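To start, the structure under review is shown below, and the notes come after it.
Please read all numbers here as calculations on a predicted model, not as lab measurements.
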Amino acid sequence: MTAHDTPPALTTPLPAGPAAQRATPVAAPASVAGRRLAALGGLALIAGAVLYTAGIATSPPQASESTADYIASLASDPTLTQLSATLLHFGNLFLALGFLAVPGLVRGTRGGWLTLIGALLATLSHALVSGWVLFDFWTMTIGLELDSATAVAVSEAVQGGSVFGILSMLPMLNLIAAPLATAGLARAGVVPWWLLAFAIVPTVVMFVVPFTPLLFAAVTAVGFVPAAWFGVAVLRRARAERAVAAR
């Protein structure tokens, strides 16, 4: 096993030596608050991945991808629906906050822009999804209070708005966010290149496999390997910087 196979946080490669992975000591942040915020970001990434996966696992099963079956699934088990929506809400919220700490893992110039763009897109998409999942409470309620045809008509009327349509597409940015951030960190020498497969393959699987909660939860867990790796790397970097500052 090489240093490239574990989440490094103690050293970073010099941009001047593309053939060699030489390392320099970690510079201490300007303040204690900076180190604490970085550590909280790392914890948020790990906690967000766990909560998001749990939210998928507790999603009510649905007969098909149709609007009618989606509404019926949420209304069929209100307790499970509310649990799943709550887990997904906080999972996405933590991930949005956690990704803000990811660009700090890059200490040189290589991979910096890729990592920054990927992290910001991830923050934006997860922040948006944290709000979207609260629609599950509304969808569950119209499924409970209205007949199926009326509930479908109301739901489609809401989703048919032009602004709503644009906003609902923005979370799709996450399809490229994680691969960009992973590629940037790999180019910077922070993570191994093979980690990029975990940021791409699970997303492809979700597009070709029908939704079932436990299967999708398993695929989601695999897809969050990069986020969890980033979280561990951020925590290790924060600990190393604390040790440097204490000298």
Legend entry - Positive for side chain to side chain contact (heavy atoms under 4.5 Å, CB included) with Val152, one of Ile71, Asp147, Leu146: Ile71

Inset, instruction - Can you measure from CZ (Arg107) to CZ (Arg237) and round to the nearest 0.5 angstrom? - result: 4.5 Å

Legend entry - Any residue meeting side chain to side chain contact (heavy atoms under 4.5 Å, CB included) with Val50, in chain and number order, not counting sequence neighbours: none

Legend entry - Residues Thr182, Phe230; criterion side chain to side chain contact (heavy atoms under 4.5 Å, CB included); working and verdict: CA-CA 9 Å; Thr182 306; Phe230 302 163; 3.4 Å; yes

Inset, instruction - Compute whether any side-chain donor of one residue and acceptor of the other, for Ser64 and Asp69, lie under 3.5 angstrom apart. - result: yes

Legend entry - Validation row: Phe211, Ser59 side chains within 4.5 angstrom (heavy atoms): yes

Legend entry - Sub-4.5 Å side-chain heavy-atom contact between Val133 and Tyr52: no

Legend entry - Residues in side chain to side chain donor-acceptor pair (under 3.5 Å) contact with Gln159, at least two apart in sequence or another chain: Ser155

Inset, instruction - Give a yes or no on whether the backbone of Ser73 and the side-chain of Ser76 come within a donor-acceptor separation of less than 3.5 Å. - result: yes

Inset, instruction - Compare every heavy atom of Ile142 with every heavy atom of Ala151, then report the nearest pair and how far apart it is. - result: O-CD1, 3.6 Å

Inset, instruction - Evaluate the side-chain proximity of Asp136 to Tyr70: yes if any heavy-atom separation is below 4.5 Å, no if none is. - result: yes

Legend entry - Closest approach of Ser125 to Ala122 (non-hydrogen atoms, all atoms of both residues): OG-O, 3.1 Å

Inset, instruction - Report the C-alpha distance between Phe94 and Ile46 in whole Å, list the side-chain angles of each, state the deciding distance to 0.1 Å, and finish with yes or no for side chain to side chain contact (heavy atoms under 4.5 Å, CB included). - result: CA-CA 9 Å; Phe94 287 166; Ile46 298 169; over 6 Å; no

Legend entry - Pairwise side-chain contact, Phe224 with Val219, heavy-atom cut-off 4.5 Å (strictly under): no

Inset, instruction - Consider only side-chain heavy atoms of I, L, V, M, F, W and Y, link residues closer than 4.5 Å, and tell whether Leu116 and Leu114 are in one cluster. - result: no

Legend entry - Path from Leu195 to Val201 over hydrophobic side-chain contacts below 4.5 Å: yes

Inset, instruction - Answer whether the closest heavy-atom distance between the side chains of Thr203 and Met206 falls below 4.5 Å. - result: no

Legend entry - Min side-chain heavy-atom separation Pro60-Leu74 under 4.5 Å: yes

Inset, instruction - Report yes or no: do Val129 and Phe135 belong to one cluster of Ile/Leu/Val/Met/Phe/Trp/Tyr joined by side chain heavy-atom distances under 4.5 Å? - result: no

Legend entry - Leu167 side chain reached by Leu170 side chain, heavy atoms, under 4.5 Å: yes

